[in-house]
Structure formats: structure tokens, C-alpha cells
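What follows is a short report on a single structure.
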Amino acid sequence: MTIASIQEKQSIVDKLALANGKVHWNLSPAQLIEKAIKAGEGKLCENGAFAADTGKFTGRSPKDKFIVADELTENSVWWGDINIKFDSDKFDALYEKVTNHLLGKEIYVRDSYACAMPEYQLNIRVITESAFQNLFASNLFLRPKDEELADFEPEWHIIAAPSFEADPAVDGTRQGNFAIVNFTKKVILIGGTAYTGEIKKGIFSVLNFVLPHQRDVLSMHCSANVGKKGDTAIFFGLSGTGKTTLSSDPERMLIGDDEHGWTNDSIFNFEGGCYAKVINLSAKHEPQIFNAIRFGTLLENINFIGNTREVDYKDATKTENTRAAYPINFIDNALEPSVGKSPKNIFFLAADAFGVLPPVSRLSRSQAMYLFMSGYTAKVAGTEAGVLEPQPTFSACFGAVFLPLHPAKYAEMLGKRMDENDVKVWLINTGWTGGAYGVGERISLPYTRALINAALSGELDKCQYSTDPIFGFEIPDSCKGVPSEMLIPSNTWADKDAYTKKAKELAGFFVKNFEKYAAHASDEIKSAAPKAD
């Protein structure tokens, strides 16, 4: 059977079933957990969740993610270190190897879909080698009703075979593991890794190509919620900036925590669940996530306290990237269907370890597009002569590794949507104030929440604003519940010259990072660059 037969009557599932394999179709979470326990894939936790280890890979492997280069993609994909070309003939050969490897094995099939707005629905058939991977797909993708499954027709197939390892010299991969997207044949092929995030992010990459390129929908790596008056807000931010925490608000309904599309008048979730990091999770600081971890939830790469089944969320022995995958309705105030009106406020979150960005600032259209293409946060690099130094981290559109198109395409669409909907964009520093990491202090979560609430309520529209001389952002002079001296970052530094030097240093990092995008960016976007000199 050739790969073309995926689009014909005989499917890959038929092929595997005919080889005396056992195929389990659309099992319930309880059935999948029972299968996983019997197969030794993991254990039940005291809180009822099922815990599994993903083996060698506890996170995605971006250098082993490929896109098949063919007539459809050759002149449209943003090729480079992020989108790596894969030969079409080698894909076909590897596909045959993977499917032959699965012959006679017990496999699990999940019919599901992405995109909560019906007009953009993408039907997906997920074929996995393990029950816990199928539980992940059940939790993270949208779940058809029983009557919809009777005549379900998949548009895309995901095949995940962790026990199959490629031969790089023959198969064209970098090493034994791989995740390959074929846009023409509509197949995502995953092998050599059991990390379930590859399944989720494979479809996100697909939607990041299909929706902006073909449907005029801006795809976004963000969280979103909606207030009691129907006002939508979206939150962009890299790991450690507080995206999930700040969008989880008991006073607002959660649309989704990770992936969304923006039409000319609506926001919709791509997913049917959440994939939350749980390192250092506590009921006090993130009660919604903590309470969502129960029977039906999949926990990945966690450890237990002693010989008990109680989860030790502080234990990062296996990885810092411990995760929980659960259906979105495990969150008490989740909005279903996960669709809202166009946002009134957008928040870019940055944990600035340089300590020079304001706790809140208002952005112009050009600044919003520039910062969107930059996707900034900062991380502490390590110790040098006893001093911890910050390092900038940039990821275009806050999700560069998932962008098949050039970042300028997404930024221009953001500007268009801002114009259509009169949207305010805010930069929120969830990092340091009064000095860089090691000198200053982390901005407290209550202050950050107060600033976001003031923006959402319109209180910040009543303030007087000043302009940051280096970055050009507008900074409000006051906010209820926040010390006014904190709002202007230079006021919090004892050494003003040191502040200016550090701010120009960060500005220089922005300018240097943007050089790789400049050829495709408009003059309007480039005009928003900070003044590094």
C-alpha cells in the first residue's frame, strides 16, 4: 500500500488491522487508563491522575522537526534552522518503514478535531503506539460527539511510533527521533520519541500555515479569557512570564491557555484541553490548574513523595518540564464552546531580568508589531565571578519554532486586526525592578494583576503618560494598588547611570536580534526599534 491510499478507501488503520494487529478505536479516558496500567505505561496518582514517563525525551526536539519540501511548500515556507527541509521521496520511504513497524502491534486510534469555530474545523485521526499518548490526544484535541464519529472523515493523520528509530544515514533524519509534517499528503509522522507535545505542536504548526496562508486567520501562541461583559483579552508570553497564571482569573472565563485563531471579529481556541507546566505547582498560587489534576488527567515525568503516590511537584529530577494534560472543562470557569469576540486588550508578557522595562506600558501599532516579531523575555544565564547575569531570549511571535511562514506575515496580520477592532496593546514586565537579577527584586504578582485589571477596566485610559526615552513606550503615571515610583523604571534604580547603560544594552539586543527579519519587515515596523545609541 502506498501513502496515497490514506486518501482512498483503505486507510492506514485498515492496513494495520489486516496484519493481525489489535486496533482500539476512540476509547474513553477510563478505558485508556486501564489499558495503560495493564501495559505498564505508568501509575495512578493519589489525586486520581495517571502518571507516565516519556522516556529519553521530556520535551520537544526542535532540531529534529522537519517539513517536506515540495510544490506546495517550496516557495511559501520560511526555510532555515526552524523549518528544515525534508525530501519528499525520503518521507514516503520512512512512512512505509513506520507503518510496517506497527504491523501486528496493538495500536490506539483517536478521531478528533482542532478549531472551536466550525467553519475552520480540521478533522484529525491520531494513531498512537501507547494508550497514554492516546489519552493525551483525547484531552488536548476537541472531542466529536458520538453521532459525529459515525461518519467521521479525517483530513489529517498523525502517526506516533515511539519505539521506531530512524537510521539517519538512510532515512535523512538528524538522529533516531523525528517529527515530520507533510502538508501535501496531510500527514504528521513522529518516531523515536514518546513526548506527547510533538503531537500537539505538530497540528499547531499545520494551522500556523493553513489559516494565515489560506484562510486570512491570524494564528497565535497565546492564552485568552473573556470578562463578564464579553470583553476578550489575550496574553502572549514565553515560558516563565506568567501567561497561564495571569490568564487564569476566577473573575473571567477561560477561552484557552495556548493556541488560538483570530478572524476579523472573533477569537477561537484550537484545542479542547490544556497542557500546563506543573513544576512547583501549588493550590495556593494556581488553584485552577491544581484542581484540574484528577482522574482523566495525564501527568508527565513527575515524581512521587517517597514511597507514596502523592505527586511531588517540586521535584525536577527528571525534567523542569513536568506537565499536566487535561480537558478544558476540568477548569471550573472554562468557556465552551471556546469562542469569544475580538480582543479589546492584548498583553505581551516579558520577565525582564535586566530590570529596565516598565511594569506596564502602552504600545503603538508599530511598536506592537515590532515587539510581536521580537518575542522577548530574559533568563538568568548562570554565575560569573559570583554574579548572576541576565540573558535575553527572543522567539518570534512568542512561538518561532511553530511558524512555517515568515514572522513578518503574522506581524502584519496583527496590525490589520488591531486596526479592524480598535485594540489596545500593553507590554507587561513580570520580571525585575530596581536593578537586574541579583540586585533588584521580582515584581510581585499582586502588582502585576492590579496593572492588568486596570488596563481591562479602562482605568489606565484615564492616566497621564510619559514616553520612555530609549524604547518609546508610553508609561502611565499612576495605578491604584501599585506604588507610583515603580512605574518609571529608572526611579527604582539607585544608580541612574547604571540604569541607562543597562537599558541601552537591552535595546542593543533587540536591534541585533531584529536584523534577521529586517529584509521582510515594513518600514513602519522597523521604525519602532529602540534607540540603542
Side-chain angles (χ1 to χ4, degrees), residues 59-60 62 65 78 80-83 201 204-205 207-209 212 218-224 234-244 246-247 257-262 277 343 346-354 356-358 360-361 363-381 390-415 417-418 423 425-431 471-473 506-522 524-526 528-530 532:
R60 290 179 302 99
K65 169 181 165 284
W78 177 41
D81 293 338
I82 290 172
N83 298 307
K201 291 305 184 184
F204 187 38
S205 295
L207 293 170
N208 276 333
F209 180 84
L218 174 58
S219 53
M220 304 175 294
H221 187 208
C222 67
S223 57
I234 56 180
F235 299 78
F236 292 93
L238 299 177
S239 179
T241 60
K243 175 168 67 80
T244 300
L246 291 169
S247 62
D257 81 328
D258 201 40
E259 300 169 7
H260 296 82
W262 188 357
K277 290 186 75 170
I346 296 174
F347 299 96
F348 294 161
L349 308 176
D352 177 33
F354 289 80
V356 298
L357 293 183
V360 63
S361 48
L363 308 181
S364 67
R365 182 182 189 272
S366 60
Q367 288 168 345
M369 291 190 288
Y370 183 93
L371 284 178
F372 188 55
M373 286 185 68
S374 298
Y376 165 72
T377 191
K379 294 181 180 180
V380 176
Q391 283 193 347
T393 298
F394 295 97
S395 183
C397 309
F398 300 93
V401 293
F402 316 121
L403 305 182
L405 307 176
H406 192 280
K409 169 68 174 178
Y410 305 95
E412 292 289 353
M413 291 188 75
L414 176 69
R417 292 288 182 264
M418 288 175 62
V423 182
V425 183
W426 309 88
L427 175 64
I428 302 290
N429 176 15
T430 63
F471 291 93
F473 312 144
L506 179 58
F509 286 127
F510 269 92
V511 172
K512 180 67 177 175
N513 171 72
F514 204 83
E515 289 175 358
K516 58 181 175 285
Y517 308 131
H520 295 275
S522 67
E524 179 189 6
I525 295 175
K526 288 185 284 190

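Heavy-atom contacts from other residues, nucleotides or ligands closer than 6.0 Å to NZ of K512 number 12 or fewer.
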Run the side-chain donor-acceptor check on residues 393-406: report pairs under 3.5 Å with partners two or more places apart or on a different chain.
unit_1: S395; atom_1: OG; unit_2: A400; atom_2: N; d: 2.9
unit_1: H406; atom_1: ND1; unit_2: A408; atom_2: N; d: 3.0

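Scanning all heavy atoms of the two residues, the minimum distance from V511 to A532 falls at CG2-CB, 4.3 Å. Closest heavy-atom contact between R417 and L218: NH2-N, 4.3 Å. Across every non-hydrogen atom of F471 and A507, the tightest pair is CZ-N, 3.9 Å. Between S361 and F473, the closest heavy-atom pair is CB-CB, 3.5 Å. Between M373 and A411, the closest heavy-atom pair is CG-CB, 3.4 Å. The nearest pair of heavy atoms linking L427 to A350 is CD1-CB, 4.4 Å.
How far CD1 of I346 is from CH2 of W426: 12.0 Å, rounded to the nearest 0.5 Å. Here the NZ-CD1 distance, from K243 to I428, works out to 15.5 Å after rounding to the nearest 0.5 Å. Between the NE2 atom in H221 and the CD atom in E259 there is a gap of 6.0 Å [rounded to 0.5 Å]. Between I234 atom CD1 and H260 atom NE2 the span is 8.5 Å, to the nearest 0.5 Å. The CE atom of M418 sits 7.5 Å away from atom CE of M369, with the distance rounded to the nearest 0.5 Å. If you take CD1 on I525 and CG on L371, they are separated by 11.0 Å, rounding to the nearest 0.5 Å.
Every side chain to side chain contact (heavy atoms under 4.5 Å, CB included) that N83 has, sequence neighbours left out, goes to K65, I67, V77, W78, W79. Residues that satisfy the salt bridge (charged side-chain N to carboxylate O under 4.0 Å, His left out) test with K277, not counting sequence neighbours, are absent from this structure. Under the ring-ring contact (aromatic ring centres under 6.0 Å, His included) criterion, F235 pairs with F347, not counting sequence neighbours. With sequence neighbours excluded, the residues forming a ring-ring contact (aromatic ring centres under 6.0 Å, His included) with F514 are Y370, Y517, listed by chain and number. For the salt bridge (charged side-chain N to carboxylate O under 4.0 Å, His left out) test, no residue two or more places apart in sequence or in another chain qualifies with D257.
Of the possible donor and acceptor atoms, one in the side chain of T377 sits under 3.5 Å from a partner among the backbone N and O of A351. Proximity of a side-chain donor or acceptor of D352 to a complementary backbone N or O of N429 within less than 3.5 Å is not detected. Side chain of Y410 to main chain of P212: no donor-acceptor pair is present (N/O by atom type, distance under 3.5 Å, no hydrogens or angles).
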| task | Show your working on side-chain contact (heavy atoms from CB on, under 4.5 Å) between K409 and N208 and close with a plain yes or no. | result | CA-CA 11 Å; K409 169 68 174 178; N208 276 333; over 6 Å; no

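Y376 has its ring centre less than 6.0 Å from the ring centre of F510.
In this structure, the side chains of L506 and L357 come closer than 4.5 Å at one or more pairs of heavy atoms.
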